[in-house]
Amino acid sequence: MDHVIRAVETLKSIRETRLSGLRPPSEFFDYHRISKPADFNTAISRISHNTRSFSGNYGLIVAILAVYAVLTNYHLLLAMAFLVGGFSLINKFAPDATQFGEHTVTQKHLYTGLFVIGIPLLWFASPIHTIFWIIGASAVLIIGHASLMEPGIENDYATIDGETV
């Protein structure tokens, strides 16, 4: 029961800290503010401003892409389920050593067996490829959005005569 309470508290803290920075979809997808940057310096300026402004939305995009990548890579999903399930089952059902005839099987032996099977499964699931796909897809989406989206009006009024309002 403590695990459930901790999980709920963790979700609440994530919602309060990470999701509080989310901009509404109407602002994130405001097609009236989309334009081609005049030059490279304008694009860099927009990227700098928009990555700060939409950081919560961009984090959500990365998370959605990561979930998509794992769910569509069945080998990776199977390997992760095997390893996580194996850890859970070993911790739940085999906390103490078990005697099988003349052999004693400890948790250390079970974890070794889990790794001997699980690590090759994980290796063949190509997690490095998946990580680079997530990085590449995220970079294209985020940099594309950030460079095409004009800064909002609030940016024009952020400083007046060098003083922050």
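What's counted below: heavy atoms across the whole structure, side chains too, no hydrogens, waters or symmetry copies. Predicted, not measured: the structure shown is a model, and the values here were computed from it.
Within 6.0 Å of atom CZ in F87, more than 12 heavy atoms from other residues, nucleotides or ligands are found, so the atom counts as buried in its surroundings.
I44 and I142 fall into different hydrophobic clusters, where Ile, Leu, Val, Met, Phe, Trp and Tyr side chains are chained together by heavy-atom contacts under 4.5 Å. Criterion: ILVMFWY side-chain heavy atoms under 4.5 Å apart, direct or through other members. Under it, F29 and M149 are part of a common hydrophobic cluster. Under the 4.5 Å side-chain heavy-atom criterion for ILVMFWY residues, a single connected hydrophobic cluster contains both L71 and F82. Cluster annotation: I117 and I119 are assigned to the same hydrophobic cluster (Ile/Leu/Val/Met/Phe/Trp/Tyr, side-chain heavy-atom contacts under 4.5 Å, transitive). L77 and W123 fall into different hydrophobic clusters, where Ile, Leu, Val, Met, Phe, Trp and Tyr are joined by side-chain heavy atoms under 4.5 Å apart, directly or via other members.
Between I90 and Q107, some side-chain heavy-atom pair lies under the 4.5 Å cut-off. Put simply, the side chain of N91 reaches to within 4.5 Å of the side chain of Y111, judged on heavy atoms. Contact check for W133 versus L65: side-chain heavy atoms found under the 4.5 Å cut-off. You'll find the side chain of L76 stays beyond 4.5 Å of the side chain of Y74, heavy atoms only.
Under 3.5 Å, the side chains of R46 and S35 contain a donor-acceptor pair of N or O atoms. Side-chain atoms of T112 and H109 include no donor-acceptor pair closer than 3.5 Å. Under 3.5 Å, the side chains of Y68 and N73 contain no donor-acceptor pair of N or O atoms.
Interatomic distance, CZ of F93 versus OG1 of T98, reported as 12.5 Å (0.5 Å rounding). Distance check, rounded to the nearest 0.5 Å: CG of D96 to OG1 of T104 gives 12.0 Å. Once rounded to the nearest 0.5 Å, the distance linking CG of L60 with OG of S55 reads 11.5 Å. Summarising the geometry, atom OG1 belonging to T106 is positioned 13.5 Å from atom NE2 belonging to H103; distances are rounded to the nearest 0.5 Å. Atoms CG and CD, on L22 and E27 in that order, are 11.0 Å from each other to the nearest 0.5 Å. Note that CD1 of I47 is 12.0 Å distant from CZ of R52, once rounded to the nearest 0.5 Å.
When all heavy atoms of K92 and P95 are compared, the closest pair comes out as O-CD, 4.0 Å. Counting all heavy atoms, side chain and backbone alike, I134 lies closest to A66 at CD1-CA, 3.6 Å. M80 and V70 make their closest contact through SD-CG1, 4.2 Å (heavy atoms, listed as atom of the first residue, atom of the second, distance). Here the closest heavy-atom approach between residue G118 and residue L83 is recorded as CA-CD2, 3.6 Å.
H145 places a side-chain N or O within 3.5 Å of a backbone atom of F28 that can act as its donor or acceptor partner. Between the side chain of T51 and the backbone N or O of S48, at least one donor-acceptor pair lies under 3.5 Å. T130 places a side-chain N or O within 3.5 Å of a backbone atom of S126 that can act as its donor or acceptor partner. Between the side chain of S147 and the backbone N or O of G144 there is at least one donor-acceptor pair closer than 3.5 Å. Formation of a donor-acceptor pair under 3.5 Å by the N57 side chain with backbone atoms of R23 is found in this model.
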L110 and L114: CA distance, side-chain angles, deciding distance, side chain to side chain contact (heavy atoms under 4.5 Å, CB included) verdict: CA-CA 6 Å; L110 294 174; L114 182 67; over 6 Å; no
Stepwise side chain to side chain donor-acceptor pair (under 3.5 Å) test for N50 and S53: CA-CA 5 Å; N50 287 331; S53 180; 5.1 Å; no
Verdict with reasoning, Y58 to V62, per side chain to side chain contact (heavy atoms under 4.5 Å, CB included): CA-CA 6 Å; Y58 294 149; V62 172; 5.7 Å; no
